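None of the values given here were measured: they were computed from a predicted structure.
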Amino acid sequence: MAKLAVGLMSGTSIDGVDAALVRINGSGQQTEVELLHFITLPFSKRDREDILRCTDPEHSNVPLVCHLNFRLGYLFANAVQEVCRKADLPLEKLDFIASHGQTIYHLPHGEGRYERSTLQIGEPAVIAYETGVNVISNFRSMDMAAGGEGAPLVPYADYLLYRSEDKGVALQNIGGIGNVTAIPKEGVLDDLLAFDTGPGNMIIDQICQIVKGEPFDDGGKWAALGKVHYPIVDTWMESGFFTKPPPKSTGREEFGQHFTEKIIREHQQMTANDLIATTTYFTAKSIADGYQRFILPRFSIDEIIVGGGGSLNQTLLQFIQELLPDITVRTQEDLGFSSEAKEAIAFAILGNETMNLQPANVPKATGASKAVVLGSITWG
């Protein structure tokens, strides 16, 4: 029977809460999904600053984490209520809510005396109480308990929705961090390859905020006016993350504010547009490098389908196409889908698998010892 669900996503870009209202039929490889409505509720300036402070070990504190866990719970509940209101759907018609939460810190390999761990906040009890709907949350922890990195998790949904008998397809998400799901022609689930490619919009956005006073490079207009300093990009590409084979994941811990501040400090002679152009090319180069190192030696890719906020950056897309000239680069919109809604839809699919007691991680992508049922259920 068809289920109605809302998938919630708040990513590393920290721009707002994405809420996708979907109708889901079936589960596993019989899954069919229809997007009914989608909204993004932007974070207020204060909430965004609090989240950024919470993700920074030098400025975070326990009361702030505690406060934000509940504050985000209310914001996520508001997003569910708003998307249902705009779709003219009573909350009681929802079967479940799937909330990824806001990643505060991610230690896929541990660090010194700290255990391998991950933390996504946005209290599910608040969401469940405010909406009266069952909530699936905490998707990453069970994969980590099974020895995985807890990321990437979207590849399972990518496989269900985009596998092809005719061509090799790569789903490239460009949010704060970039990640790819590569599916060979006629591939089965165990054939796909998925990993974080490195920075997505994270560094570009932070540079824009500092040197332009704007939240992002709208359409890539400033990058298009700037000059790329290729030797500097080559230096940044020497990071050990890029040469590390999958499974691998990353986040603000490696490419966050400290990385951006270092760029600005070391390259004060560069113009604002040159800085933006060079960091935009860095994102494109890191994506192309991941394909050339780890995907293309194993199987061919005919088409890259880009989603996430980065799909709106025309200069970034142009750089990717130039670096991978033999592959067609398209966006979700080219296929009649929504780039912004893609990850929220994916977590609705993962939540549906949880409700059906079906494993939904891809051990080959995360490094887990086996497939496991993801998520914790909080009853509405």
Side-chain angles (χ1 to χ4, degrees), residues 1-11 14 16-25 27 31 33-41 43 47 51 54 65-87 89-104 118-145 150-151 153-154 156-157 341-361 372-380:
M1 292 179 61
K3 294 184 176 68
L4 293 171
V6 172
L8 296 174
M9 180 68 192
S10 175
I14 312 181
V17 183
D18 294 337
L21 172 63
V22 300
R23 179 181 289 111
I24 301 181
N25 277 289
S27 64
T31 300
V33 182
E34 178 188 1
L35 177 63
L36 302 179
H37 203 77
F38 173 76
I39 63 167
T40 298
L41 287 188
F43 287 128
D47 286 331
I51 296 169
C54 199
V65 176
C66 192
H67 151 75
L68 266 181
N69 184 41
F70 271 64
R71 171 64 178 163
L72 288 170
Y74 287 110
L75 293 178
F76 292 159
N78 288 343
V80 174
Q81 293 162 345
E82 185 66 8
V83 75
C84 288
R85 184 186 69 79
K86 290 192 172 181
L89 181 81
L91 280 173
E92 55 266 26
K93 295 287 187 180
L94 284 181
D95 291 284
F96 66 86
I97 296 164
S99 176
H100 170 268
Q102 177 66 56
T103 297
I104 295 303
T118 190
L119 180 62
Q120 287 74 41
I121 63 174
E123 181 53 54
V126 171
I127 305 172
Y129 184 82
E130 291 293 310
T131 63
V133 180
N134 300 335
V135 177
I136 303 103
S137 61
N138 198 31
F139 284 93
R140 301 191 182 275
S141 294
M142 185 59 80
D143 181 83
M144 291 200 75
L153 294 184
V154 171
Y156 181 86
K342 179 179 177 292
E343 286 201 293
I345 293 171
F347 278 94
I349 292 171
L350 295 181
N352 185 55
E353 296 301 277
T354 305
M355 297 301 283
N356 284 281
L357 297 179
Q358 295 297 315
N361 61 332
V372 291
V373 178
L374 304 176
S376 305
I377 301 175
T378 304
W379 302 105

Counting distance only, does the side-chain N/O of [X] pair as donor-acceptor with the main-chain N or O of [Y] below 3.5 Å?
| X | Y | answer |
| --- | --- | --- |
| Thr40 | Asp18 | no |
| Gln120 | Ser137 | no |
| Asn134 | Phe96 | no |
| Asn361 | Val372 | yes |

Quick one: does [X]'s side chain get under 4.5 Å of [Y]'s, heavy atoms only?
| X | Y | value |
| --- | --- | --- |
| Glu353 | Leu374 | no |
| Ser10 | Leu72 | no |
| Leu4 | Leu36 | yes |
| Ile377 | Met355 | yes |
| Glu123 | Thr378 | no |

Quick one: closest heavy-atom pair of [X] and [Y], and the distance?
| X | Y | result |
| --- | --- | --- |
| Ile127 | Ser99 | CD1-OG, 4.0 Å |
| Leu35 | Ala20 | CD1-CB, 3.9 Å |
| Leu357 | Pro359 | O-CD, 4.0 Å |
| Val17 | Ala79 | CG1-CB, 3.8 Å |
| Gly73 | Val126 | C-CG1, 3.6 Å |
| Ile121 | Val65 | CD1-O, 4.2 Å |

Step-by-step side chain to side chain contact (heavy atoms under 4.5 Å, CB included) determination, Phe43 to Leu75
CA-CA 9 Å; Phe43 287 128; Leu75 293 178; 4.0 Å; yes
Could you give the distance from [atom1] ([X]) to [atom2] ([Y]), rounded to the nearest 0.5 Å?
| X | Y | atom1 | atom2 | value |
| --- | --- | --- | --- | --- |
| Leu91 | Ile97 | CG | CD1 | 7.5 Å |
| His100 | Leu350 | NE2 | CG | 9.5 Å |
| Thr118 | Asp143 | OG1 | CG | 10.0 Å |
| Gln102 | Leu68 | CD | CG | 8.5 Å |
| Leu153 | Phe347 | CG | CZ | 5.0 Å |
| Leu94 | Lys3 | CG | NZ | 13.0 Å |

Report the residue from Val133, Val6, Ile39, Thr131 that forms a side chain to side chain contact (heavy atoms under 4.5 Å, CB included) with Cys84.
Val6
Contacts of Phe76 meeting ring-ring contact (aromatic ring centres under 6.0 Å, His included) (sequence neighbours excluded), chain-then-number -> none
Whether over 12 other heavy atoms sit under 6.0 Å from Met142 CE:
no
